Amino acid sequence: MTIIAPSILSADFAKLGQEIADIEIAGADWIHVDVMDGHFVPNLTFGPPVISAVRGATALPFDVHLMIEQPERYIADYAAAGADRITVHLEACAHLHRTLHQIKDLGLPAGVAINPATPVSLLEPVLDDVDLVLIMTVNPGFGGQSFIPYSLEKLRELRQRLHARGRNGVHVQVDGGVNASTASLVRDAGADVLVAGSYVFGHESPAAAIASLR
């Protein structure tokens with residue numbers, strides 16, 4: 001089954017709670033929350049108070065993607081604010097194994113993300129520790145970017161590595177440039193969780209957009 005996780009980075013922040021409620025009605029499976037700190041990526045977005053404020057707008061899981069430096073300092077805060085799963089970047093963690101288990105010790109699924117220029121092979125030491133791997137299909141920091149084609153080879157390689165370890169149940173997520181044209185490509189390459197921001201929230205019918213991604 002393909003899981004659709006619209007990114008609220010592309011929502012109208014002035015009515016964020018309503019946008020989240022509407023996207024649940026439109027058929028979303030998860031709510032993807034892109035947290036940016038202005039250091040690891042060149043943008044600022046949501047802190048724990050914002051997540052806590054909109055947590056009551058939906059019963060859907062909050063899929064929190066920390067694009068921040070030293071994420072281990074803030075994981076407990078995002079969990080307390082209502083995160084249902086937390087993903088950190090390999091590139092931002094000095095002690096990735098420890099950080100992943102910090103998430104798991106809070107009772108949450110732990111994810112690891114890699115940027116477009118980071119090889120899949122660097123994930124090998126933690127593939128037995130993760131519940132989700134996020135392959136960034138654009139450079140993180142802004143919505144509305146174009147899909148990077150060589151991401152498909154990275155997805156195929158990741159699925160092969162997971163299969164070799166008997167870890168076929170690990171979610172493989174993609175984020176960036178996902179739309180009706182690229183969705184089938186990433187699904188065929190092994191992705192089962194699709195993050196889409198501008199394509200869903202900017203569509204005249206978010207329900208139709210979500211259906212097209214499946």
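These numbers come from a predicted model, not from an experiment.
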Same cluster (ILVMFWY, side-chain, under 4.5 Å), Val120 and Val170:
yes
May I ask whether Phe62 and Leu106 are part of the same hydrophobic cluster, defined by side-chain heavy atoms of I, L, V, M, F, W, Y residues being less than 4.5 angstrom apart, directly or through others?
yes
Parallel under 30°, tilted from 30 to 60°, perpendicular over 60°: which one fits the rings of His171 and Trp30?
perpendicular
I need the Ile23 CD1 to Ile4 CD1 distance, nearest 0.5 Å.
11.0 Å
Around His163, counting heavy atoms of other residues, nucleotides and ligands shown, do more than 12 lie under 6.0 Å from its NE2?
no
Pair Lys154 + Glu157, salt bridge at N-O below 4.0 Å
no
Report yes or no: does Asn115 contribute a side-chain atom to a donor-acceptor pair with the main-chain N or O of Ala117 at less than 3.5 Å?
no
Would you call Val174 and Val195 a side-chain contact if the rule is heavy atoms closer than 4.5 Å?
no
Nearest heavy atoms of Ile210 and Gly27, plus distance in Å:
CG2-O, 3.8 Å
Would you call Asp131 and Lys104 a salt bridge, using N to O less than 4.0 angstrom?
yes
So, do Leu66 and Val64 sit near enough that their side-chain heavy atoms are less than 4.5 Å apart?
yes
Go through the steps for Asp84 and Arg55 under the test side chain to side chain contact (heavy atoms under 4.5 Å, CB included), then give the verdict.
CA-CA 10 Å; Asp84 292 286; Arg55 177 64 274 193; 2.6 Å; yes
Ser7 and Asp34: CA distance, side-chain angles, deciding distance, side-chain hydrogen bond (donor to acceptor under 3.5 Å, both in side chains) verdict
CA-CA 7 Å; Ser7 169; Asp34 285 308; 2.6 Å; yes
Taking side chain as C-beta onward, heavy atoms only, is Val200 less than 4.5 Å from Ser10?
no
Nearest-0.5 Å distance, CG of residue Leu123 to CG of residue Leu162:
8.5 Å
Could you report the tightest heavy-atom contact between Val88 and Pro71, atom names first, then the distance?
CG1-CB, 3.8 Å
Looking only at non-hydrogen atoms, find the nearest pair between Leu194 and Ala183 and report the distance.
CD2-CB, 3.7 Å
Looking only at non-hydrogen atoms, find the nearest pair between Glu91 and Ala113 and report the distance.
OE1-O, 3.7 Å
What distance do Leu134 atom CG and His65 atom NE2 have between them, rounded to the nearest 0.5 Å?
5.0 Å
Specify the closest pair of heavy atoms between Leu213 and Ala180, including all atoms of both residues, with the distance to one decimal.
CD2-N, 4.1 Å
Which is it for Val35 and Ile68 under the side chain to side chain contact (heavy atoms under 4.5 Å, CB included) test, yes or no, and what are the steps along the way?
CA-CA 7 Å; Val35 176; Ile68 64 177; 3.9 Å; yes
With a 3.5 Å distance limit and no angle check, can you tell me whether Thr45 reaches the backbone of Leu9 through a side-chain donor-acceptor pair?
no
Are side-chain heavy atoms of Phe147 and Val138 found at a separation under 4.5 Å?
no
Check: Val130 main-chain N/O paired with Arg167 side-chain donor or acceptor under 3.5 Å:
yes
Quick one: are the ring centres of Tyr78 and Phe46 less than 6.0 Å apart?
no
Counting N and O atoms only, with roles assigned by atom type, does the side chain of Glu19 sit under 3.5 Å from a partner on the main chain of Asp12, one being a donor and the other an acceptor?
yes
Ile135, Val193: one ILVMFWY side-chain cluster at the under-4.5 Å cut-off?
no
When clusters are formed by joining ILVMFWY residues with side-chain heavy atoms under 4.5 Å apart, either directly or through shared neighbours, do Val41 and Ile114 land in the same one?
no
Using side chain to side chain contact (heavy atoms under 4.5 Å, CB included), reason through Arg165 and Glu124 one step at a time and then give a plain yes or no.
CA-CA 10 Å; Arg165 287 175 170 266; Glu124 191 69 31; 2.8 Å; yes
Yes or no on salt bridge (charged side-chain N to carboxylate O under 4.0 Å, His left out) for Arg98 and Asp129, after CA distance, side-chain angles and deciding distance?
CA-CA 10 Å; Arg98 179 189 299 166; Asp129 301 291; over 6 Å; no
Nearest 0.5 Å, please: how far is CG in Leu152 from CG in Asp188?
9.0 Å
Which word best sums up how the rings of Tyr199 and His203 line up, parallel for under 30°, tilted for 30 to 60°, or perpendicular for over 60°?
perpendicular
Backbone of Ala189 reached by a side-chain donor or acceptor of Arg156 within 3.5 Å
no
Going through the checks in order, is the side chain to side chain contact (heavy atoms under 4.5 Å, CB included) test met by Arg85 and Leu108?
CA-CA 5 Å; Arg85 61 183 64 241; Leu108 301 181; 5.5 Å; no
Any Ile31 side-chain heavy atom under 4.5 Å of Thr58 side chain
yes
Linking Ile, Leu, Val, Met, Phe, Trp and Tyr by side-chain heavy atoms under 4.5 Å, what else ends up with Tyr150?
Ile148
Check Ile86 against Ala79 and note the closest heavy-atom contact, atom names and distance.
CD1-N, 4.1 Å
Find out whether Asp37 and Glu69 are in side-chain contact, i.e. whether some heavy atom of one side chain is under 4.5 Å from a heavy atom of the other.
yes
Using the rule that Ile, Leu, Val, Met, Phe, Trp and Tyr join whenever any side-chain heavy atoms are under 4.5 Å apart, tell me whether Leu155 and Ile3 fall into a single cluster.
no
Measuring only between side-chain heavy atoms, which start at C-beta, is Ser121 closer than 4.5 Å to Arg161?
yes
Supply the atom-to-atom distance Leu96 CG to Leu122 CG, rounded to the nearest 0.5 angstrom.
10.5 Å
Side-chain donor-acceptor pair present, Asp192, Gln173, cut-off under 3.5 Å
no
Rounded distance [0.5 Å steps], CD in Glu72 versus OG1 in Thr99:
4.5 Å
Using salt bridge (Lys or Arg N to Asp or Glu O under 4.0 Å) as the criterion, list what pairs up with Asp22, not counting sequence neighbours.
none
Heavy-atom side-chain contact between Leu158 and Val172 under 4.5 Å:
yes
